[in-house]
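Worksheet: the structure to be examined is printed underneath.
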Amino acid sequence: MSLLKGTKIYSILTGTCPVCQEESMYIEKNPYKLNKVLKMHERCSNCNTKYKIEPSFFYGAMYVSYAVGIAFSVAAFIIAYLFFNATLLASFFAIVGTLVIFMPVIMRLSRNIWINLFLSYKKTAGSN
């Protein structure tokens, strides 16, 4: 994964600061600790980047979440219907199950994508 460091995809997949990519934006790295799934640090301790750029900043991530959810749903359908020859009803349940199981991951990925639309990596960020 270190080959991707310095790219937006690295920050999106790892949940690290989009500017310095040195620290996780989230207080708890495990997205399946549901009571802390969206709890974020206020600022990066390395480069001092403020994550919540403005009040209600992450409301925009809901739109991204819709697209990410569709991508997960399509993947679940293709795997269930085409690879396992499931019926349409079984494929529907596979989609619902996938969305429920991956909900915390989808929420975090959406936030990561959203913040990376507005902030970019700076190689010198955080260095004194």
Side-chain angles (χ1 to χ4, degrees):
M1 191 71 89
S2 63
L3 287 173
L4 296 174
K5 190 157 185 166
T7 64
K8 288 191 179 287
I9 197 79
Y10 178 85
S11 178
I12 290 168
L13 294 177
T14 60
T16 56
C17 172
V19 177
C20 70
Q21 297 183 353
E22 294 295 328
E23 175 186 81
S24 176
M25 292 187 292
Y26 301 96
I27 292 171
E28 175 60 52
K29 285 191 177 192
N30 183 353
Y32 288 98
K33 292 195 176 174
L34 298 179
N35 59 338
K36 296 180 182 177
V37 69
L38 295 178
K39 301 256 190 227
M40 299 178 74
H41 297 284
E42 189 173 322
R43 293 183 175 271
C44 175
S45 65
N46 186 53
C47 67
N48 206 32
T49 297
K50 186 176 181 183
Y51 296 133
K52 197 173 183 182
I53 297 170
E54 60 187 32
S56 306
F57 172 70
F58 285 108
Y59 281 165
M62 290 187 299
Y63 298 103
V64 176
S65 178
Y66 179 76
V68 173
I70 294 295
F72 272 73
S73 298
V74 168
F77 175 76
I78 289 171
I79 291 168
Y81 189 73
L82 297 179
F83 292 132
F84 292 111
N85 294 320
T87 64
L88 284 177
L89 184 61
S91 297
F92 171 77
F93 287 121
I95 291 168
V96 171
T98 298
L99 291 175
V100 169
I101 291 168
F102 287 104
M103 179 198 60
V105 173
I106 291 170
M107 290 185 336
R108 280 205 178 171
L109 267 176
S110 301
R111 277 189 170 209
N112 297 350
I113 291 168
W114 186 250
I115 197 167
N116 272 278
L117 291 175
F118 298 94
L119 300 175
S120 296
Y121 178 72
K122 293 181 182 128
K123 195 172 193 174
T124 58
S127 60
N128 294 326

F84 vs I79 side-chain heavy atoms within contact, under 4.5 Å | yes

Side chain [X], main chain [Y], donor-acceptor under 3.5 Å:
X    : Y    : answer
Y32  : V105 : no
K8   : L119 : yes
Q21  : G6   : yes
S65  : A61  : no
R111 : G15  : no

Salt-bridge present (K5, E22; N to O < 4.0 Å) = yes

Criterion side chain to side chain contact (heavy atoms under 4.5 Å, CB included) against Y26, the qualifying member of T16, N112, V37 = N112

Could you tell me whether [X] atom [atom1] has more than 12 heavy atoms of other residues or ligands within 6.0 Å of it?
X    : atom1 : value
F118 : CZ    : yes
E42  : CD    : no
F92  : CZ    : no
Y63  : OH    : no

When rounded to the nearest 0.5 angstrom, what distance separates [atom1] in [X] from [atom2] in [Y]?
X   : Y    : atom1 : atom2 : result
K39 : K33  : NZ    : NZ    : 14.0 Å
L13 : N116 : CG    : CG    : 10.0 Å
L99 : F102 : CG    : CZ    : 10.0 Å
N48 : C17  : CG    : SG    : 9.5 Å

Contact summary for [X] and [Y], nearest pair of heavy atoms:
X    : Y    : value
S110 : I106 : OG-O, 2.7 Å
S11  : P18  : OG-CA, 3.4 Å
Y51  : I115 : O-CD1, 3.4 Å
P104 : V100 : CD-O, 4.3 Å

Could you go step by step and tell me if L88 and F77 meet the side-chain contact (heavy atoms from CB on, under 4.5 Å) rule?
-> CA-CA 9 Å; L88 284 177; F77 175 76; 4.0 Å; yes

For S24, which residues count as a side chain to side chain donor-acceptor pair (under 3.5 Å) partner, sequence neighbours excluded?
-> none

Side-chain heavy atoms under 4.5 angstrom apart, residues restricted to Ile, Leu, Val, Met, Phe, Trp, Tyr: same cluster for I78 and F72?
-> yes

Geometric class of the W114/F57 ring pair [parallel <30°, tilted 30-60°, perpendicular >60°] = tilted

For R43 and T49, what are the C-alpha separation, side-chain angles and deciding distance, and is it a side-chain contact (heavy atoms from CB on, under 4.5 Å)?
-> CA-CA 5 Å; R43 293 183 175 271; T49 297; over 6 Å; no

